[in-house]
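Throughout, protein chains are lettered first and strands after them, A, B, ... in sequence-line order, and every chain is numbered starting at 1.
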Amino acid sequence: MELRLDGLHHGYGPVEVLRGIDLDIPAGRIVCIVGPSGCGKSTLLRLIGGLELPNRGSVIQIGEAPPDSLNPLTYIFQDFALLPWRTVEGNVRLVLEDHGFGRDENARIVDDVLARTRLSEFRDAFPRQLSGGMKQRVAIARALSVSPEFLLMDEPLSALDAQTHELLMDDLIDLWTRERFSAVYITHNLQEAVRLGHRVVVLSRRPGTVREIIEIDLPLDARAGHTRELETHRQHLWRLIRDEAQAAELELVDG
Amino acid sequence: MAEPGRAGRPVSFRGGGFMPRPVGAVGPLVFLAIVGLWEAGSRSGLISPLVMPAPSEALAALGHLLETGLLWKHLGASLQRLLVGWTVGTVLGIAVGVSIGLFSLARSGLAPIVAAIFPIPKIALLPLFVIWFGIGEGSKIATILFGTFFPTVIATYGGVDNVDRSLIRMGQSFGLSWSSIVRKIILPGALPAILPGFRISAAIAIVLLVAAEMIGAEFGVGAYILLAGNLMATDELIAGVVILSIMGLTVNWLIARAERFLLRWRL
């Protein structure tokens with residue numbers, strides 16, 4: 001299954017947020033979307049997953065998701081969005097309960113994803129007992145439990161401190177190397193984009209349009225050894241964004 | 001940079017304070033001191049027995065109630081009204097509060113009416129309820145039910161409004177059904193606002209209980225207090241008031257227990 005964005009336009013009232021976004025999102029790769037703050041990255045992600053309707057244009061799904069994919073387009077949110085009144089296990093089970101598998105099958109899936117994300121020993125903890133990094137791992141486990149075709153990740157590491165950020169990034173690289181998931185990954189962190197992205201899409205400032213798409217051919221698990229090449233990509237991205245970021249910085253938030 | 005060897009003084013402390021905490025036996029001691037002073041005042045004749053009975057006399061009246069078994073009759077009648085009125089009022093209140101929190105039509109239609117009726121002291125409606133539901137149990141339970149209903153509605157829809165929208169979006173993004181989102185995300189999310197509402201509605205229910213029992217009730221703590229007042233039997237009157245205080249404290253304790261259990265994820 002692949003996704004195609006076809007002439008997406010969106011705005012809120014008089015404010016135009018996205019203008020004419022055309023983009024192909026292939027399977028099995030991570031597409032990073034970067035851009036200055038307020039350029040509509042998060043709006044774009046909500047449009048892709050059907051949480052919001054575009055004013056014009058459409059998001060098209062090419063090919064069917066396999067029947068065992070319970071929720072083909074699955075989000076991972078910046079603020080984790082865990083239910084504070086459910087334990088780790090309960091939070092994962094929440095998204096399975098509506099599928100009518102019965103208790104045993106649910107438990108089997110929960111055990112499996114908790115093991116895959118190395119969370120098994122934390123299954124009875126409440127979110128308040130977990131660090132930010134652990135919370136995001138629970139959210140990743142929850143997302144994996146519904147066998148998504150695409151992970152839609154909205155700045156998943158932005159709420160974490162720098163060290164946790166590094167650890168979780170390594171986790172994501174491991175996970176991708178094992179599972180080859182497809183993802184749309186929104187970030188404002190260019191370092192993240194060049195470490196995780198097979199393809200990096202640069203948006204302009206509001207109204208967001210696609211400015212440039214760069215491909216990074218290095219395999220994800222080999223990137224740690226190619227810092228110079230990554231740095232070249234990062235600097236190129238920064239040159240693209242810099243002036244716009246500065247201009248966006250000076251704009252009034254509600255302007 | 002400070003030069004080595006130069007004398008200095010410690011930076012003066014200006015933090016701390018603003019953190020009152022309970023100090024062991026102070027509460028019971030103050031209580032005992034007041035009761036003791038009161039008893040001494042009564043015995044020495046400083047406080048006239050017509051105005052205020054000695055605590056020991058009130059205690060004796062309480063003992064008499066217990067001996068004759070009248071205590072359970074009064075208390076039973078009161079608790080039954082309280083329980084039925086409060087429970088039905090709370091259940092209806094949560095149902096209406098949730099609908100106001102979820103549906104635009106319910107919000108536009110019901111929220112203004114609730115806002116208009118909420119501030120009316122329900123005691124003012126008691127005579128009307130007597131006409132509608134008769135002088136017996138009906139009017140008493142209706143008064144308590146009415147008094148409980150409105151604060152519960154307001155607490156509930158406030159709670160529903162405050163449920164983190166990002167959790168609801170999360171539920172939608174995983175394809176949860178509407179009823180799952182309401183049962184598993186909205187209701188538990190509103191609970192921290194609904195439970196404190198219980199404290200308010202329970203306090204109102206006790207006030208209304210006593211008021212309602214002062215009209216045409218044979219048994220009930222309110223009826224007992226009214227009768228004692230009419231007979232100028234202040235010792236019985238104080239005994240009745242003590243029963244009310246214990247009732248209120250017990251209800252509060254129960255709600256606190258429920259809160260600690262249901263909101264243990266929040267600690």
What part of [X] gets closer than 4.5 Å to chain B, counting heavy atoms only: side chain, backbone, both or neither?
{"X": "A:L70", "value": "neither"}
{"X": "A:R86", "value": "side chain"}
{"X": "A:V146", "value": "side chain"}

*asked:* As an exercise, state the distance from CG of A:L96 to CZ of B:F174, rounded to the nearest 0.5 Å.
replied: 9.5 Å
*Quick one: pull up CH2 in A:W85 and CG in B:L262 and give me the separation to the nearest 0.5 Å.*
13.0 Å
*asked:* Please evaluate residues B:K184 and A:D98 with respect to the criterion salt bridge (charged side-chain N to carboxylate O under 4.0 Å, His left out), reporting the C-alpha separation (whole Å), side-chain torsions for both, the decisive distance (0.1 Å), and the verdict.
replied: CA-CA 11 Å; B:K184 297 171 187 172; A:D98 274 10; 3.7 Å; yes
*asked:* Under 4.5 Å from any heavy atom of chain A, what part of B:I185 do you find: side chain, backbone, both or neither?
replied: both
Side chains of [X] and [Y]: does their closest heavy-atom pair fall under 4.5 Å?
{"X": "A:L94", "Y": "B:L176", "result": "yes"}
{"X": "B:M170", "Y": "A:Y75", "result": "no"}
{"X": "B:R266", "Y": "A:F126", "result": "no"}

Answer yes or no: does atom [atom1] of [X] have more than 12 heavy-atom neighbours from other residues, nucleotides or ligands under 6.0 Å?
{"X": "A:R103", "atom1": "CZ", "value": "no"}
{"X": "B:R257", "atom1": "CZ", "value": "no"}
{"X": "B:F31", "atom1": "CZ", "value": "no"}
{"X": "B:R183", "atom1": "CZ", "value": "yes"}

*Please check if the side chain of A:D79 supplies one atom and the backbone of B:S166 the other of a donor-acceptor pair under 3.5 Å.*
no
*asked:* Taking B:W265's backbone N and O only, do any of them form a donor-acceptor pair with A:R128's side chain (distance below 3.5 Å, no angle check)?
replied: yes
*Between B:S173 and A:F77, what is the shortest heavy-atom contact and its length?*
OG-CZ, 3.7 Å
*Which atom pair, heavy atoms only, marks the closest approach of B:L167 to A:P84?*
CD1-CD, 4.1 Å
*Heavy atoms only, distances under 4.5 angstrom: which of B:G189, B:S180, B:P188 has the most pairs with chain A? Name it, please.*
B:P188
